[in-house]
Amino acid sequence: MAEGFMFQSELQSPLPTAENDIEDTSNASKISEVKAWLSSLFEASGRGIPKFEYTDSAVAHLHTLARISQARTQEAQIISSDLWEKAAEYRIQAARFREISDGMGLASENLSQSALASINVLGTVANLLNIKDTETSSFLIGMADLLLRKTEVEEKRSKAEKESNTLLDNLRKAITHLTHLKRTVAELEEEASRREGIMQQRQNNLMIMDSKERQYVVQHANFKTILNRVGYTPEISHGVLIQMVENRKELERKTKPVLNVLRTYQDLPPDKPLAELAIEDKRRECDAAEKYLEDVLHSALNTPCE
């Protein structure tokens with residue numbers, strides 16, 4: 001544990017209530033346990049406890065660490081005690097076996113090198129089979145247990161191989177799908193780049209059409225203003241104007257002979273009464289033609305537009 005680590009204060013002074021008293025008592029108990037645990041740790045290493053502020057968060061964290069450390073220390077002590085007891089039993093059994101072998105003349109110095117090697121191999125195999133003695137039955141049981149574990153391992157290995165093959169097949173399929181997706185993405189990107197120009201052209205056309213629409217709206221408003229200023233009414237339409245032109249041509253066709261006749265009067269004799277009579281006749285014909293022209297114009301203006 002590093003020296004000099006500090007904790008910021010997180011507590012504010014609470015109101016003195018029964019709950020706060022119980023909480024203070026619990027905190028004091030935790031602080032005492034933490035101090036005792038830190039003292040045991042640092043005194044064992046010959047160092048002093050570093051100074052720090054006992055805030056709620058620091059005390060809670062250290063109290064949790066102390067509980068875990070104490071539990072593991074207790075477990076380690078139990079295991080160590082059991083191992084020491086087993087070692088003592090093994091030493092007693094080894095002394096008894098040595099006494100028996102010496103009494104039978106089977107001391108290690110009386111055995112040949114091959115016998116010692118065989119005994120070492122026998123002991124090593126017994127340790128590998130995790131048996132307590134070197135009886136034949138123990139070896140058979142150990143070998144049977146080893147075969148069972150071997151069978152179990154082979155079954156697990158076969159299962160793992162099947163799972164591995166399944167995963168490998170799935171991986172191949174996934175790689176195939178990934179390749180197909182990459183190809184599809186490349187085709188889509190190519191198609192998008194090819195259509196980008198068309199889309200840009202259509203966008204430009206839409207912008208032009210929008211500009212033209214605004215222009216035509218303005219022109220329509222201007223034309224409407226001009227028509228209103230010149231006195232245009234819905235009765236005056238293209239069809240009415242065409243009809244008026246045709247009527248005018250018809251009148252010109254009808255008045256042309258009268259005009260030709262009037263031109264002939266320029267050659268009349270200087271007889272005044274006859275000339276006055278002829279002029280009066282032509283004047284009546286002109287009046288009739290003008291009246292006919294007015295009637296035609298009025299009828300054309302009153303005709304509804306189809």
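Numbers for residues simply follow the sequence, beginning at 1.
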Salt bridge between E187 and R183, side-chain N to carboxylate O under 4.0 Å?
no
When you look at CD of E190, are more than 12 heavy atoms from neighbouring residues, nucleotides or ligands closer to it than 6.0 Å?
no
Do R248 and E252 sit within salt-bridge range, that is, some charged N less than 4.0 Å from a carboxylate O?
yes
Spacing of T184 atom OG1 and H177 atom NE2 [to the nearest 0.5 Å]
11.5 Å
Please check: side-chain N/O of S158 versus main-chain N/O of E154, any donor-acceptor pairing under 3.5 Å?
no
Start with the C-alpha gap between R214 and D210, add the side-chain angles, then the distance that decides, and say whether salt bridge (charged side-chain N to carboxylate O under 4.0 Å, His left out) holds.
CA-CA 6 Å; R214 292 194 298 268; D210 184 56; 2.2 Å; yes
For V59 versus K30, what's the shortest heavy-atom pair and its separation?
CG1-CB, 3.8 Å
Walk me through whether I68 and R72 qualify under side chain to side chain contact (heavy atoms under 4.5 Å, CB included).
CA-CA 6 Å; I68 296 172; R72 291 183 179 177; 3.7 Å; yes
Is a donor on one side and an acceptor on the other found under 3.5 Å between the side chain of D82 and the backbone of I78?
no
Can you check side chain to side chain contact (heavy atoms under 4.5 Å, CB included) on D169 and R172, steps first, answer last?
CA-CA 5 Å; D169 293 338; R172 291 196 184 103; 3.2 Å; yes
CD1 on I141 to CE on M143, rounded to 0.5 Å
12.0 Å
For the pair T151 (side chain) and L147 (backbone), establish whether a donor and an acceptor sit closer than 3.5 Å, ignoring hydrogens and angles.
yes
As a quick check of understanding, evaluate side chain to side chain contact (heavy atoms under 4.5 Å, CB included) for Q215 and K212, giving each step before the final call.
CA-CA 5 Å; Q215 180 182 353; K212 289 292 184 181; 3.8 Å; yes
Salt-bridge test for D287 and K291: reply yes if a basic N is under 4.0 Å from a carboxylate O, no otherwise.
no
Rounding to 0.5 Å, atoms CD (E161) and CG (L168) come to a distance of 12.5 Å
Nearest 0.5 angstrom please: L65 CG to Q70 CD, how far?
11.0 Å
For E246 and E250: C-alpha separation, side-chain torsions, deciding distance, then whether side chain to side chain contact (heavy atoms under 4.5 Å, CB included) applies.
CA-CA 6 Å; E246 292 178 354; E250 181 67 19; over 6 Å; no
Following the transitive rule for hydrophobic clusters with a side-chain heavy-atom cut-off under 4.5 Å over Ile, Leu, Val, Met, Phe, Trp and Tyr, establish whether V121 and L146 coincide in one cluster.
yes
Nearest-0.5 Å distance, CG of residue L206 to OG of residue S211:
12.5 Å
Which value, rounded to the nearest 0.5 Å, describes the distance between Q77 atom CD and W84 atom CH2?
14.0 Å
Less than 4.5 Å apart, any side-chain heavy atom of V217 and any of H220?
no
